[in-house]
Amino acid sequence: MDILKPLYERVVEKNMHEVEYLQAVSEVLDSLECVVRKHPEFIEQGVFERLVEPERQIMFRVTWVDDQGRVQVNRGYRIQHSSVIGPYKGGIRFHPSVNLSIMKCLAFEQTLKNALTGLHLGGGKGGSDFDPKGKSDGEIMRFCQSFMTELYRHIGSETDIPAGDIGVGMREIGYMYGTYKKLTNEVNGAFTGKGLSYGGSLVRKEATGYGLCYFMEEYLNNNGLSFTDSRVVISGSGNVAIHAAEKVISLGGRVVALSDSNGVIRDEKGIDLDVIKEIKLVKRERIKAYLNYHQEATYYDYPKAIWSIPCDIALPCATQNELDLDDAINLVKNGCKAIGEGANMPSTREAIHYFLDNKVLFAPAKAANAGGVACGGLEMTQNSMRLNWSFNEVDHKLKEIMINIYRNITECSKEFDEEGNLVLGANIYGFLKVADAMVAQGII
Ligand code: NDP
């Protein structure tokens, strides 16, 4: 970093302990040095300064009562990062690791990601340090209701439209949306990821995983590769991982490993996805339970073991910073040729540099996992039109969006003399969209 270094130093000073936020900002500012040289007007207009300061940060107490009648207190967040392109849009995460730094990092990334989709969506993110694991349905419902008694006043179909993320699926969205309607007396689709019976869209639950594979298939094909007959490892076994696995299999690939936060299951015959869905989506058990159905499979008691399993393609689809330099070295040593980030910021900065230096195809999260939010945008369109599109219609639009993202960021990497560097292409393409809209709307 050179011209933007003083700005980055100010960001560090102001947000000293926010490790994840600083990680995201430094990675993006690094890519934007070449933009500054071409567009000095962005400095004069304070565009970079504005980009690294969220428009609004909301933090609140969430009080609820557990099944034993004890009062519980959690912290809730909504970061409304940028509305220059459209209403704030981004998921809600329930996980004990949630803090201000992670929320700001994800909201910042979301603004650039949403700009890549070509839809008019700004960026935001929210969540709580509430841990849904092991909670009863009643506890989850009471928590969601309490969370919404504050959040409802900050969101709306024209202002801020949340969706799901880690720990927030259709059940939680149902409870939150139900409370939102009760408190506002409005039925306006202020959430996406809703159930099909009350305004949800077909393909939304599959969208991030499918979108990742559409993006990757285009990327692989343009580089003489394909999912067909490839060995694929996918970390996680949640919404993104399961649907990525489903699409990889339908494209002719063999998924040999999946994981959860306790460990990894490896099945050389190819993972039996029906069993995974039964364990994870129906019974909500640990992935180790796969051994009860397939004794010949292997279980590793350590989630990172997945990166030592030989593969052609790796899709990190679990969580941030799950893949570090050592993991990257292992993957490359074992012949991995392509990485597609399904999770947000799963690879550390050092791992990304290692992949790029070793000519491994690398698809960064903000481009490769934009299918979820893109489909959220399509759900908003259907809600406004009071129409439901068929599965094929939505799937077709999703595929088109993902292929366009691939083409636009590839082209952008060429324009900025870093052909094939999609990290740079995605950061610059997203930034230029946001920066143009910011300048057009004046200093505000
Ligand atoms: P889920 O909560 O459905 O699943 C997360 C999965 O990751 C779970 O299987 C969890 O296991 C596993 N996991 C958590 N930590 C680790 C770890 N350290 N090692 C291995 N596995 C781990 O979340 P989603 O699938 O929705 O989200 C996954 C990622 O994708 C997140 O980064 C999210 O921000 C991103 N994303 C999600 C989108 C969506 O549409 N859902 C859209 C765009 C991005 P366990 O069951 O043990 O907790």
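First listed ligand is number 1; within each ligand, the first listed atom is number 1. Numbering starts at 1 and runs along the sequence shown.
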of all protein heavy atoms, closest to atom 19 (N) of ligand 1 is P303 CB, 3.4 Å

Quick look: K280 vs ligand 1, heavy-atom contacts under 4.0 Å, and the answer is side chain

(Q) Is it the case that atom CD in Q295 sees more than 12 heavy atoms from other parts of the structure closer than 6.0 Å? (A) yes

shortest atom 33 (C) of ligand 1-to-protein heavy-atom contact is with D165 OD1, 3.1 Å

So, 4.0 Å and heavy atoms of G342: is ligand 1 close enough to count as a contact?
yes

The answer for which part of Q320 has a heavy atom under 4.0 Å from ligand 1 is neither

Are side-chain N/O atoms of S230 and K337 paired as donor and acceptor at under 3.5 Å? no

In terms of its nearest heavy atom to atom 14 (C) of ligand 1, the top option of G376, A163, G167, S261 is S261

Charged N-O contact under 4.0 Å between D165 and K125 = yes

**Asked** Will you find, in the side chains of S201 and Q382, an N or O donor that is under 3.5 Å from an N or O acceptor?
**Response** yes

**Request:** Using the side chain to side chain contact (heavy atoms under 4.5 Å, CB included) rule, take F147 and Y175 through it: C-alpha gap first, then chi angles, then the decisive distance, then the call.
**Result:** CA-CA 10 Å; F147 184 78; Y175 294 150; over 6 Å; no

Ligand 1 to S259, heavy atom cutoff 4.0 Å, flagged ligand atoms 20 (C), 21 (N)

Under 4.0 Å between heavy atoms, the region of A365 that gets near ligand 1 turns out to be neither

At under 4.0 Å between heavy atoms, what of H243 touches ligand 1? The answer is neither

Check this for me - ligand 1, K133, N or O atoms closer than 3.5 angstrom, yes or no? yes

Atom 32 (O) of ligand 1: closest protein heavy atom, distance to 0.1 Å, is N344 N, 3.1 Å

Quiz item: In terms of side-chain heavy atoms, does N239 have a donor or acceptor partner in E206 at a distance below 3.5 Å?
Solution: no

Per-atom filter on ligand 1: closer than 4.0 angstrom to a heavy atom of R204 are 40 (O)

Check: Are R50 and E53 close enough for a salt bridge, meaning some N to O gap below 4.0 Å?
Finding: no

Contact region, R286 to ligand 1, non-hydrogen atoms below 4.0 Å, reads side chain

For Y210, the ring-ring contact (aromatic ring centres under 6.0 Å, His included) test, sequence neighbours excluded, returns none

Would R93 count as a contact residue for ligand 1, given that I'm defining contact as a non-hydrogen atom of the residue lying under 4.0 Å from a ligand atom?
yes

of all protein heavy atoms, closest to atom 20 (C) of ligand 1 is D260 O, 3.2 Å

Logged contact type for T208 with ligand 1, heavy-atom cut-off 4.0 Å, is side chain

protein heavy-atom neighbour closest to atom 3 (O) of ligand 1 works out as N239 N, 3.0 Å

**OP:** Please state whether C317 comes within less than 4.0 angstrom of ligand 1, counting heavy atoms only.
**Re:** yes

Q. Ligand 1 and K125, any nitrogen or oxygen pair closer than 3.5 angstrom?
A. no

Residues 273-282, side-chain donor-acceptor partners within the protein, below 3.5 Å, at least two apart:
residue: K277; atom: NZ; partner: E246; partner atom: OE1; Å: 2.3
residue: K280; atom: NZ; partner: D260; partner atom: OD2; Å: 3.0
residue: K280; atom: NZ; partner: E285; partner atom: O; Å: 3.0

Note to self: Any nitrogen or oxygen of N369 lying under 3.5 Å from a nitrogen or oxygen in ligand 1? Just yes or no.
What the structure shows: no

Atom 28 (C) of ligand 1: of A318, G91, G236, A343, the nearest heavy atom sits on A318

Could you verify whether a donor N or O on one side chain and an acceptor N or O on the other, from Q320 and N344, lie under 3.5 Å apart? no

- Task: Tell me, with the steps shown, if L116 and K433 meet side chain to side chain contact (heavy atoms under 4.5 Å, CB included).
- Result: CA-CA 8 Å; L116 297 179; K433 289 238 159 182; over 6 Å; no

message: Please confirm whether the ring centroid of F130 lies under 6.0 Å from the ring centroid of W64.
response: yes

Have Q72 and T63 got a donor and an acceptor in their side chains that come within less than 3.5 Å? no

Next on the checklist: With no hydrogens and no angle check, just 3.5 Å: does a side-chain donor-acceptor pair link D160 and Q80?
Outcome noted: yes

closest protein heavy atom to atom 25 (O) of ligand 1 is V240 N, 2.9 Å

heavy-atom search around atom 18 (N) of ligand 1 in the protein gives T319 CG2, 3.8 Å

of all protein heavy atoms, closest to atom 6 (C) of ligand 1 is G238 N, 3.8 Å

